[in-house]
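Some notes on the structure that comes next.
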Amino acid sequence: MKATDVVTTALGNTMRSKARTILTVIAIFIGAFTLTLTSGLGVGINQYVDRALEGFGDQDQIYVQKIADQTETTSQGPQKYDPDEAASDGMFGGMPMLSEGDIETVRGIDGVESVDPTVFVSATYLEAQNGDQYRLTLGAPGQSGSLEYAAGESPARDADEITIPSTWLDALGYDDAEAAVGETVKVGMTNVVGEEQDFDATISGVTDEMISGAGADPVPSSSFNEKLYDYQVSGGPDDTPQAYIAATAVVPDLDQQNQVKTDLSDEGMLGMTFEDQLGAIRGVINAVTWVLNGFALIALLAAAFGIVNTLLMSVQERTREIGLMKSLGMSPGKIFGLFSSEAVLIGLIGSLIGVGGGVLVGTVANAALTGEGGALSSVAGLTLYGIAPVQLLGIVVLIMVIAFIAGTLPAARAARKDPIEALRYE
Amino acid sequence: MEPAVLETENLVKVYGRGANRFDALKGLTLEIRRGESVAVIGKSGSGKSTLMHLMALLDRPSQGVVALNGRPVSELKNKEIHKLRNESFGFVFQQFFLNPNQTVLENVVLPLKIAGVAKRERNRRGMEALERLEMADKAKNKATDLSGGQKQRACIARALVTSPSVIFADEPTGNLDSNTSEVVEEILFGLQREQGITLVIVTHDDDLAAKCDRRIYLKDGEIVQAEEIHADSAGAPAQGTTGGEREDTSTGAHVAPAPQYPATEPWAAPADSDGPKHREEGTR
Ligand SMILES: Nc1ncnc2c1ncn2[C@@H]1O[C@H](COP(=O)(O)OP(=O)(O)OP(=O)(O)O)[C@@H](O)[C@H]1O
Ligand SMILES: [Mg+2]
């Protein structure tokens, strides 16, 4: 028997007892539908997280923090105050801080190209060429590499450069993004004792705001940011020790990142790549997704027994037909093939309808919940359901494999039937 | 004398074991020549169907040899046996075994479908077979819509469609009234005459048996009497086939060592291999 004939015959046979086939298909459908929804939920939320954090970091950056001393983070009641210890540790809101020495240590680690301590620069204003001044909040220099640019490029590390958001173009008096690039703006600063000074910066690029919110504020280059910070802390007593809550180390060679992380932890610091930070979030989402997928898989397991049951009945009913086909020279292998393709067909039909239904319901529900007027529409960029074609294909294949395995028992029973016994069967 | 298509030697079939042991066939030796029609006759339970199943390679003997065209089938691989059954044998069963959900044509082309013949070609050959049985107008009907005689004709068409060299029919007229039986018999013998198809017919029906070239009588798993009547010539001696029948193909001579038993007393037949040798000239 030809393969196409096996499939069409199997299809004809599944359609013979329609009610039974439909019920089995429904069982598969429920499993496939649920699995499509739960896995799509995982995809959707991961997509949201990716988008929400996009623009906040670059692949080659390692985020460095001081590791808290275990004894000091205990929450077993208040700690005794010791003036000497507290001063040397440098804590900020319960977080240990990086000292200048730590920054130097990081700078000395193999593979680290540059280190920027995280500093909070509060600029006073931004002044356009036309003399108008605007209130200014600066973005972190580290994110400049991963922003989306309408024109120009990210500010050069060592130059006095800055980006501006595309929404500011009008107010600053530029016709379009291209026109703004290369122009000069002034950033006004106030130091510790209240003196004001402004600093010139060249516009290196114009950013579009991303869903994550990155790119909504001007972003200075690292060196310009430091220059502003130096002025901001100037004017006070000179011996104020510098301490930072974190630093960003740039490690261009991605293969070296793991080594750098190990070196950091040897020095009592924690290094996390942007991927690590994302990974931690993804890990939680994936764990939850898999618990949900587990329920869907249980439904599929139950459906698999439905297939076994249906096909066993079908083999029993068709004993004579099997005997006839065998006596007409059909080999046991082909009989096995015929019945297992029936199982696979039931699986295929159920999974296609289930995956199709799941995608449809997931997409519609996502639109209803997160779209305009939906219950979750206030969360910008939220997606609850994502379509990953490979994953959907994987679900269909998985179900066909499950169906095939479920079909082996009845199919083997059919293949073993003795043609004579089968023909005698009343 | 035509060469033997099918031969058996000392064929034994035992069902069950221990206390349930049942010897369905107790050492049968016979041969069926190309183009002849042979009736296997005997009481219910005498082993007729068992014998037919062994000759049709549907079952394996407990002992003894079945040879096809002079070649013992035990030498054949399973795959070859399936192919042989599919291509060289046709089956007509008492209970029809038509698939009620399929059309007559679909039922008829089943052996071709199993053989892997393309759809167009198998439908063409199926229609040809149906036309030969004057059933072409029923091709698109469901198999259940047919009368008993039509069903049996559909079965014969199915048996014919692969152009087999042997057709096995187990009680082909058992379910039919006498008129319809005659039509079916006519068709079967017509095939034998016109296409030289060998017929092995298991039957209770003496009239049908009488129309065959030769009859093999079975009783309790043994051949008790066999005779050969030639439709075209009168008075050729009947001949026993019990025990070591051999054919000399070079001369076409047929050597049978067993004596002829009186037809009236088949139960009295001894399994005597020392009986007088009987030489018979080919007459066909
Ligand atoms: N699978 C089996 N197990 C045990 N005994 C069997 C089996 N098949 C057949 N027999 C026995 O073998 C004997 C011969 O059976 P067979 O079917 O060949 O008879 P038959 O001559 O065709 O009879 P009928 O005319 O009724 O069809 C019977 O006594 C039957 O009970
Ligand atoms: Mg029988």
Side-chain angles (χ1 to χ4, degrees), chain A residues 1-22 310-311 313-342 345 411-412 414-426, chain B residues 13 15 24 49-54 56-60 77-103 106-123 142-143 155 158-159 161-162 164 168 170-171:
Chain A
M1 203 181 245
K2 283 188 179 166
T4 48
D5 283 333
V6 169
V7 173
T8 48
T9 307
L11 189 65
N13 288 342
T14 54
M15 290 306 145
R16 207 186 288 175
S17 48
K18 284 199 184 64
R20 207 161 63 194
T21 302
I22 289 172
T310 301
L311 284 185
M313 277 158 75
S314 166
V315 168
Q316 195 64 23
E317 270 173 18
R318 278 150 57 192
T319 297
R320 277 195 164 183
E321 194 187 326
I322 295 165
L324 177 71
M325 288 193 291
K326 279 195 140 181
S327 61
L328 294 181
M330 189 140 160
S331 66
K334 288 280 164 62
I335 300 263
F336 182 92
L338 188 60
F339 278 87
S340 48
S341 7
E342 248 176 76
L345 268 175
R416 270 203 314 270
K417 275 205 190 292
D418 179 357
I420 298 165
E421 303 249 311
L423 290 177
R424 276 184 205 273
Y425 178 81
E426 299 299 327
Chain B
K13 182 68 187 178
Y15 289 115
S49 296
T50 305
L51 173 62
M52 192 194 94
H53 292 151
L54 289 177
L57 315 184
L58 285 168
D59 204 355
R60 302 223 172 218
K77 294 201 188 84
N78 274 340
K79 214 173 169 182
E80 291 174 294
I81 289 181
H82 295 143
K83 199 169 151 68
L84 261 176
R85 273 215 303 272
N86 183 258
E87 289 174 0
S88 307
F89 295 164
F91 294 93
V92 179
F93 302 97
Q94 182 175 358
Q95 291 107 323
F96 311 135
F97 296 132
L98 293 170
N99 190 335
N101 309 288
Q102 295 182 329
T103 64
E106 283 170 329
N107 269 289
V108 167
V109 299
L110 181 61
L112 295 177
K113 193 169 168 183
I114 288 171
V117 176
K119 187 161 188 176
R120 179 180 299 237
E121 168 71 3
R122 65 181 189 239
N123 282 349
K142 284 265 181 242
C155 289
R158 181 175 64 195
V161 79
T162 52
F168 293 95
D170 197 348
E171 319 239 7

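Every chain is numbered from 1, with letters handed out A, B, ... down the list of sequences. Only a predicted model underlies this, so the values are computations on that prediction, with no experimental measurement involved. Values below: every heavy atom of this structure, side chains too, minus hydrogens, waters and symmetry copies.
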_Nearest heavy atoms of A/Leu324 and B/Phe97, plus distance in Å_ = CD2-O, 3.2 Å

_Donor-acceptor check, side chain of B/Arg85 to backbone of A/Lys326, threshold 3.5 angstrom: yes or no?_
yes

*Roughly how far, to the nearest 0.5 Å, is the NZ atom of B/Lys113 from the CG atom of A/Leu328?*
12.0 Å

_Which one wins on heavy-atom pair count under 4.5 Å against chain B: A/Ser331, A/Gly12, A/Pro419?_
A/Ser331

*Does any non-hydrogen side-chain atom of B/Arg122 lie less than 4.5 Å from one of A/Asp5?*
yes

*asked:* Just by distance, no angles: are the side chains of B/Lys119 and A/Thr4 close enough, under 3.5 Å, to form a donor-acceptor pair?
replied: no

*Nearest 0.5 Å, what's the CZ-CZ distance between B/Phe93 and A/Arg320?*
10.5 Å

*Mind checking the NZ-NE2 spacing from A/Lys334 to B/His82? Nearest 0.5 Å is all I need.*
10.5 Å

*Can you name the closest pair of heavy atoms from B/Leu58 and A/Ser327 and give their distance?*
CD2-CB, 3.2 Å

_Engaged part of B/Ala118 at the chain A interface, taking heavy atoms whose separation is under 4.5 Å_ = both

*How many angstroms lie between CG in B/Asn101 and OG in A/Ser17, if you round to the nearest 0.5 Å?*
9.0 Å

_Inter-residue atom distance B/Asn99.CG - A/Arg318.CZ, 0.5 Å rounding_ = 8.5 Å

*If you round to the nearest 0.5 Å, how far is CD1 of B/Ile114 from CE of A/Met330?*
6.0 Å

